[in-house]
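First comes the structure, then the notes that go with it.
Since the structure is predicted, the reported quantities are computational estimates derived from the model, not experimental observations. Counting begins at 1 with the first residue of the sequence. Heavy-atom basis, side chains included; hydrogens, waters and symmetry copies ignored.
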Amino acid sequence: LMDDRHGFRVSQLSGLQTKIAESSSQPEQWQRFLKDAYQQVQSSTFNQPDTADLKGIPESLGGKELSRFWRDAWRDFGQSLLAWREIREAARAITESASK
């Protein structure tokens with residue numbers, strides 16, 4: 001379990017490093033968000049609580065189930081962020097064509 005956690009953290013850090021390197025043309029807030037996320041993941045690599053002790057929201061979940069729930073929720077949120085540019089461009093095109 002500990003090796004899995006560390007492997008996951010290494011994967012997160014590597015992915016964030018890639019995103020940081022690719023973000024030079026992105027807004028400053030996004031660059032700062034990525035750098036902050038990197039720092040949080042890096043600092044959370046040590047002293048990780050055992051997932052069996054996790055209790056939280058939703059209250060009906062705990063431990064690994066709770067961890068899985070939030071991992072999936074944040075992954076889905078990340079996917080929606082990746083689509084955000086296309087959504088904005090489509091909305092702009094609709095708005096422009098409607099105003100003509």
(message) So for atom CZ, which belongs to R75, do other residues, nucleotides or ligands contribute more than 12 heavy atoms lying within a distance under 6.0 Å?
(response)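 Correct, the count exceeds 12.
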
(request) Decide if atom CD of E89 counts as having more than 12 heavy atoms of other residues, nucleotides or ligands within a radius under 6.0 Å. (result)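 Count over threshold, so yes.
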
[atom1] of [X] to [atom2] of [Y]: how many Å apart, nearest 0.5 Å?
{"X": "L34", "Y": "Q29", "atom1": "CG", "atom2": "CD", "answer": "12.0 Å"}
{"X": "I20", "Y": "Q31", "atom1": "CD1", "atom2": "CD", "answer": "9.5 Å"}
{"X": "S99", "Y": "I94", "atom1": "OG", "atom2": "CD1", "answer": "12.0 Å"}
{"X": "R92", "Y": "I87", "atom1": "CZ", "atom2": "CD1", "answer": "13.0 Å"}
{"X": "D76", "Y": "R71", "atom1": "CG", "atom2": "CZ", "answer": "10.5 Å"}
{"X": "Q17", "Y": "E22", "atom1": "CD", "atom2": "CD", "answer": "12.0 Å"}

(message) F33: which residues meet the ring-ring contact (aromatic ring centres under 6.0 Å, His included) condition with it, sequence neighbours left out?
(response)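 Here the qualifying residues are W30.
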
(message) Could you see if F77 belongs to whatever hydrophobic cluster contains L66? Use Ile, Leu, Val, Met, Phe, Trp, Tyr and a side-chain cutoff under 4.5 Å.
(response)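 Yes, same cluster.
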
(request) Check whether V10 and F8 end up in the same hydrophobic cluster, where Ile, Leu, Val, Met, Phe, Trp and Tyr are linked by side-chain heavy atoms less than 4.5 Å apart. (result)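 Cluster IDs for V10 and F8 differ.
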
(message) I'd like to check the salt bridge (charged side-chain N to carboxylate O under 4.0 Å, His left out) partners of E28; sequence neighbours left out, ordered by chain and number.
(response)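 With neighbours one apart ignored, the set is R32.
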
(request) Measure from the side-chain N and O atoms of S11 to the backbone N and O of G7, and report whether any donor-acceptor pair falls under 3.5 Å. (result)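 Flag not set: sc S11 to bb G7 has no pair under 3.5 Å.
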
(message) I'd like to know if the side chain of S97 reaches the main chain of A93, judged simply by a donor and an acceptor atom lying under 3.5 Å from each other, with no hydrogens or angles considered.
(response)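 At least one qualifying donor-acceptor pair exists.
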
